[in-house]
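Atom set for the values below is all heavy atoms of this structure, side chains included, hydrogens, waters and symmetry mates excluded. Fair warning: this is a prediction, and the values are worked out from it, not measured in the lab. Per chain, numbering begins at 1; letters A, B, ... match sequence-line order.
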Number of protein chains: 2
Amino acid sequence: MPTKTPPAKSISLSISDRLAARIADGDLMAGDRLPSEAELALQFDCSRATVREALKRLAAKNLIRTARGHSGGAFVADLTYAAALDSHVATSMLLLSMNAVDFQTAAEARFALERACVDLAVAQHDRADLRALKDAINRLASRCTDEAFCAADVAFHRALVDAGHNPVLSYQLAGAVEAMQPLMNMITYADRDRETIIRLYRRIAGALQARDAGEVRHVLDELEALMIALFQRGQARRARR
Amino acid sequence: MPTKTPPAKSISLSISDRLAARIADGDLMAGDRLPSEAELALQFDCSRATVREALKRLAAKNLIRTARGHSGGAFVADLTYAAALDSHVATSMLLLSMNAVDFQTAAEARFALERACVDLAVAQHDRADLRALKDAINRLASRCTDEAFCAADVAFHRALVDAGHNPVLSYQLAGAVEAMQPLMNMITYADRDRETIIRLYRRIAGALQARDAGEVRHVLDELEALMIALFQRGQARRARR
DNA sequence: CCCATATCAAATGTCAGACATTTAAAAGTC
DNA sequence: GACTTTTAAATGTCTGACATTTGATATGGG
């Protein structure tokens, strides 16, 4: 009996797939309102509960948003960079933690990605970008917890990435950098380490202002080596106890 | 009345958030089985339907998978690179199409990212990587539709990225490159364009084998310029009609 | 004793109908 | 005309039931 009954995909799954395809194809455009749950139930010949499960899945993927009330309903969401970034970061974080990615691999990837935006950042940055970089450095220089230090660290790198003025690149890079923050948080920084890092960051900001891409890349190399060394030192210390 | 009643988050949403947090925190580990829907309904003091909506949301984010039958249920999924990549690509594609990203911006981002893996690829590649590159080139050289040409194009870049032997980097880069395929598909290639592209790809493969990172980067620059020129030529032709 | 078969139980998937809540528009009132 | 009340349409939730799937268990025969 070659009638296709593969893994018997559930009804709600096939509904969400069909709606997702219509959105991806541009058949349903951002802002469009989907039929009401009751209408969809009629169209797909199933119950409202089943339709709702399908809609929840789409909502989880940021494909639709729902509003209650008289003229509420499900609307095709206009996917923003911010929303996409959130889910990208969440997924990447889970991926890194679940696959036990070692620090060296993560750091290697992170700095490789960061170097990808150097040329653009050097060419495109403006005064606001330099300001953002310096704000982040100032926050780093203030006494703060390791977590706050790492958060400011992320802000610095984020500013560097954004200086390329390419939203697509920012989206990809910022997601990767932020996803690695939990790993970076495993580093405990001594005061003199912080000073070293801040010095490197100032050199990056300076080189960027001077539009010296080679120097920026060079400092990033140093930074990467430093990070890995700090992590390994911390690991050795943990092992000794 | 400062009692917090913000936007009255729905019950099913708060349930999925709580479960997601437990997974992210490592409280629930990959492979763990969640309580049955009936039990969860008791724990959260709500109906099974509400629990199910929450679970569907988690399933959409690849956080859990469900199985039917006697010893079925919801299990914490072990997020694979492949699964994460799929959702990353899907999201990125939507993001690009919905935000009307222009070709130049996308190409700029794509080649910037690609250059990010050159150093690693030059240092780490092995024979299998070169083989994958050459296979892709051979497919490009065979007569094929524009879509197949673009698919082989993606395969080439994917192989280049994977040559870095860094799964984290591959995940990030492959997602970005694949997401841009629809834009690249907008290019129609004349025969002599294809020949030019293939020549560039052969140079890349050769430079990689010779472990000459500067040459790889240089060819990528040429490739980027060519792609943008081809796209603009196509646009001008479309406008003239 | 082992193996095939039938039965069972637990879980997800689905359905039907009801009620609660939210929201904007329409109707009514001053 | 501005304010208040009513109303309708939609999502959010609850309840209870049935269907389906699938491993475990019991049962029977060789």
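Across dC14(D), dA9(D), dA9(C), the shortest atom-to-atom separation from the side chain of C46(B) is found for dC14(D). Comparing atom distances between the S12(A) side chain and each of dA11(C), dT14(C), dA24(C) picks out dT14(C) as nearest. Closest to the R68(B) side chain, of the nucleotides dT20(D), dT11(D), dA16(C), is dT20(D). Comparing dG13(C), dT23(C), dG23(D) by their closest approach to the side chain of K56(B) singles out dG13(C). You'll find that the side chain of S47(B) is closest to dT15(D), out of dT12(C), dT15(D), dT23(C). Taking the side chain of E37(B) as heavy atoms from C-beta on, and the options dA9(C), dT11(D), dG13(C), the nearest nucleotide is dG13(C).
The distance from atom CZ of F44(B) to atom C1' of dC14(D) is 17 Å, rounded to the nearest whole Å. In this structure, the CZ atom of R33(B) is 12 Å from the C1' atom of dT22(D), given to the nearest Å. Going from atom CD1 of I15(B) over to atom C1' of dC14(D) covers 13 Å, rounded to whole Å. Taking atom CG of residue L13(B) and atom P of nucleotide dT13(D), one finds them 9 Å apart after rounding to whole Å. In this structure, H70(B) atom NE2 and dT22(D) atom P are separated by 13 Å, rounded to whole Å. At whole-Å resolution of the value, CD1 in I64(A) and C1' in dG12(D) are 14 Å apart. Per the geometry, CZ belonging to F75(B) stands 12 Å off C1' belonging to dA10(C), to the nearest Å. Atoms CZ (R57(B)) and C1' (dT11(D)) sit 12 Å apart, rounded to a whole Å.
A side-chain hydrogen bond (donor to acceptor under 3.5 Å, both in side chains) with E224(B) is found for exactly one of Q104(B), R115(B), R110(B), namely R115(B).
Taking side-chain N and O atoms only, R52(A) has a distance below 4.0 Å to OP1 or OP2 of dG12(D). At the phosphate of dG17(C), neither OP1 nor OP2 sits under 4.0 Å from any side-chain N or O atom of R48(A). The side chain of T66(A) contributes an N or O atom lying less than 4.0 Å from OP1 or OP2 of dG12(D). Close to dA10(D), at under 4.0 Å from its OP1 or OP2, lies no side-chain N or O of S71(A).
The nearest pair of heavy atoms linking Y189(A) to M184(A) is OH-O, 4.1 Å. Annotation for L133(A) and A159(A): closest pair CD2-CB, 3.8 Å, computed over non-hydrogen atoms.
Both T50(A) and G69(A) sit near DNA chain C, but only T50(A) has its closest nucleotide nearer the 5' end. Sequence order on DNA chain D of the closest nucleotides to A49(A) and G72(A) puts G72(A) first from the 5' end.
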From CA spacing to verdict: side-chain contact (heavy atoms from CB on, under 4.5 Å), H125(A), L130(A): CA-CA 7 Å; H125(A) 75 83; L130(A) 290 174; 3.8 Å; yes

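Looking at S170(B) and D162(B), their side chains do bring a donor and an acceptor atom within 3.5 Å of each other.
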